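To start, the structure itself, in structure tokens.
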Amino acid sequence: MNTNSHGHSLAIAGGVAALAVLPFLAGNAYLEHLLVLWMLYALLALSLNIVIGYLGELTFGHAAFVGVGAYTSAILSTQLGLPPLLGLPMAGLVAAAFGLVIGYAALRVVGPQFAILTLGFGAILFTITNHWVDLTRGPMGITDIPPMAIGPLAFDSARPTYYLVLALVLATAWLCHALVSSRTGRAFLAVRENAPLAASLGINVFHTKLLGFVAATAIAGIGGAIYAHYIRVITPDIMGVHNVAALIIVVIIGGRGTILGPILGALVYIGLLESLRVAGPLRMVIFAALLTGTVVFLPGGLVSLWQRWRNSHKAENNLPATPTGLPSTEGGAK
Amino acid sequence: MNAAAQEIPAKEILAVSNLTRIFGGLTAVRDVTMTVQAGEVVGLIGPNGAGKTTLFNMLGGSLPPSSGSIRFDGTDCTGAPSHVMGQRGVSRTFQITSLFPSLTALDNVRSAAYRTTRAGWGASILRNAAYRREEAELRRKAMDILVFCDLDHRADTLADAMSYGEQRRLEIAIALAAEPRLLLLDEPAAGMNPEEGQRLVEMIRRIRARGVTVLLVEHHMRVVASVCDRLVVLDHGVKIAEGAPAQVLNDPEVIRVYLGREPVDA
Ligand SMILES: Nc1ncnc2c1ncn2[C@@H]1O[C@H](COP(=O)(O)OP(=O)(O)O)[C@@H](O)[C@H]1O
Ligand SMILES: [Mg+2]
């Protein structure tokens, strides 16, 4: 038991060290840019995973909250001159406020009905962003967004931004790990697994879901703001369905309900997206096929491959197997 | 569970008055009045469709009554939702197996201990002393409950992967993890073989010894007769008899209700 958790800590330390040196191995600005995108997607997927993986509800509205965060910080910095560093928490707060209102309305229903409601709310936010030209400049988008800066430290290129997002990914991974190893997170899993039973044990199902939804939207908003200050231009497209689909694909392919899964899924997604560039629009077909294949053949996602391997390994040595499938309170990166 | 053991006997923990539940044109529970004293094991019996599960659903808060009232531990709980009843100390098992399928047995029990724990997400982020103390305590308590339900050797097994008998015991472990004052068991012996049934009887006895009041719906008359202090009989939603097991099971009306539908001795 003890050596095992020791092994885990070592593996995590090794993984973080590898992530820290990656930009130096990348060697060129283009690859560094891809690393930033990987971390951004990992951050957003980790937040979406709170809803899909821990609460077990599918949401099609996540990209809208990313957009709310991006627009909040972009507008505050370009029109009011607010420093981007202050825009970041504001983006999280405003996205969370939207999440609270939308979650309060939509979480009354569950399953496909909830998913469809989030799709509707997402479409409404997209439409408003597209048409409220005075505030958002509509389809033209907001340009000349200043880069993120902490004092004299400007995140105006890929490498420093990578470290900024990496830090946020690690912090979010810790938040998620802390969640599932707490009373609160165990209530999330109980609600996912069996809501009537969870309620009979004193868990307020609606409040639990609302908490998870708001936390997820707050992180999505912060991710959106980072994106806006990195790319320096945003359009309503950030809220579009392709981003919704991308995030869901990342979470499912990587492994929902785990911490490593969304990070791994983001790597696969960005890697394939770039290497399949020649395939053009066909890429989305390939992703759809991958998603379907994962759901059918590997419901636990890529991370469950590792668990399968470990279990077969243990079986050879007559050791007790650990469960595969949706990993539970052990999280993904423990 | 331990604190309740010192309870003064003959304290009324549950009082149901004129409880009625109507589904469309069907009155599933009609004007039922009954009480349960703290520390008692009360059997609720009656043929299929008598309204036993419907009564449980109302007591557990998952179904609002059409009329009548429910008092639990001196507080009016009529129409209180499920999580409020759970918080107040009413735990239940369900007639159809109900657990957290893709969690391990240990995590099933830990998740179920929601009511008895305090340190939440924030404490977990900070890993403060309160969090570490509570988690260690929770793990110990959860293992105790698994030992109690003879499932400790299955602690790391997914609920999904357990045998039927183990799953039924895990359901009781889940209900106990909430440290209930009143435990509602809906046909816990259904589908069990006689040996498993006997084990269940022992378990209910030990649950009661821990000071938990039990309301038991069961068709296995041997189980009912050997653990219950008192029986309440429902038929077509109406309470038709109440009293000591030996007396109730020899009541001609009760025998008439059971004969021709299913054997009294299962
Ligand atoms: N949700 C429901 N909607 C309609 N009728 C119901 C519902 N639940 C139970 N009933 C009916 O109420 C009656 C009592 O059912 P139930 O409480 O399950 O009986 P028991 O548990 O004693 O077998 C049955 O006739 C059943 O069909
Ligand atoms: Mg029933």
Side-chain angles (χ1 to χ4, degrees), chain A residues 1 4 50 53-54 56 171-209 211-212 214-215 256-257 299-300 304 307 311 314 319-331, chain B residues 56-57 60-62 81-94 97-104 106-127 131 134-135 138 153-161 171 174-175 177-180 184:
Chain A
M1 195 82 218
N4 200 357
I50 295 175
Y54 298 146
T172 305
W174 175 252
L175 284 186
C176 291
H177 174 68
L179 175 66
V180 288
S181 45
S182 78
R183 166 187 200 254
T184 317
R186 282 191 286 261
F188 281 37
L189 301 188
V191 164
R192 173 190 82 193
E193 295 285 304
N194 187 340
L197 179 60
S200 81
L201 295 161
I203 296 168
N204 187 325
V205 173
F206 178 68
H207 284 175
T208 302
K209 285 187 177 177
L211 173 66
V214 170
R256 67 195 123 144
S304 66
Q307 279 154 338
N311 281 351
K314 279 182 177 171
L319 292 168
T322 46
T324 52
L326 274 185
S328 60
T329 63
E330 299 309 317
Chain B
F56 264 27
N57 287 342
S62 55
S82 191
H83 68 266
V84 170
M85 296 310 289
Q87 278 293 354
R88 288 190 179 154
V90 179
S91 279
R92 65 174 299 188
T93 64
F94 294 77
T97 307
S98 181
L99 21 75
F100 303 124
S102 64
L103 302 187
T104 64
L106 180 63
D107 281 337
N108 264 269
V109 175
R110 283 200 288 197
S111 298
Y114 185 80
R115 178 174 175 263
T116 70
T117 47
R118 284 292 154 263
W121 194 357
S124 174
I125 291 168
L126 302 173
R127 294 285 136 135
Y131 168 83
E134 190 175 273
E135 284 297 307
L138 174 60
H153 59 296
R154 303 291 264 163
D156 294 324
T157 307
L158 290 189
D160 234 2
E171 290 184 273
I174 288 171
E179 300 189 0
L184 310 173

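Chain letters run A, B, ... following the sequence lines, proteins first and then strands; every chain starts at 1. Here the structure is a predicted model, which means the values were calculated and not measured.
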The interface call for A/A195 against chain B, heavy-atom contacts under 4.5 Å, is neither

Rounded to the nearest 0.5 Å, the CZ atom of A/R192 sits from the OG atom of B/S102 at a distance of 4.5 Å

Okay, B/S98 and chain A: the region with an atom under 4.5 Å from a heavy atom over there is both

Rounded to the nearest 0.5 Å, the CG atom of B/D107 sits from the CZ atom of A/R186 at a distance of 7.0 Å

- Query: Can A/R183 and B/T116 be counted as having a side-chain donor-acceptor contact under 3.5 angstrom?
  - Reply: no

Honestly, the part of B/R88 sitting under 4.5 Å from a heavy atom of chain A is neither

Bottom line for B/V90: the part with an atom under 4.5 Å from chain A's heavy atoms is backbone

So, the part of B/L106 with a heavy atom under 4.5 Å from chain A: the answer is neither

Distance col, row A/E193:CD vs B/N108:CG, nearest 0.5 angstrom, shows 7.5 Å

CD (B/E171) and CG (A/L197) are apart, to the nearest 0.5 Å, by 8.0 Å

The interface call for B/F94 against chain A, heavy-atom contacts under 4.5 Å, is side chain

Residue from A/L211, A/L175, A/T184, A/L201 scoring the most non-hydrogen pairs under 4.5 Å with chain B is A/L201

Tightest non-hydrogen contact, residues A/G202 and B/Y114, listed as O-CE2, 3.7 Å

To the nearest 0.5 Å, atom CZ of B/R110 lies from atom CG of A/L189 at 11.0 Å

Heavy atoms of B/S124 and A/S182 approach each other most closely as CB-CB, 3.5 Å

Most heavy-atom pairs under 4.5 Å with chain A, out of B/S91, B/P101, B/P81, belong to B/P101

Rounded to the nearest 0.5 Å, the CG atom of A/N194 sits from the OG atom of B/S111 at a distance of 11.0 Å

With chain B, the option among A/A190, A/P196, A/A187 that has the most non-hydrogen atom pairs under 4.5 Å is A/A190

When the 4.5 angstrom heavy-atom criterion is applied to B/A112 and chain A, the contacting part is both

Note: A/S181 and B/R127 closest approach over all heavy atoms is OG-NH2, 2.8 Å

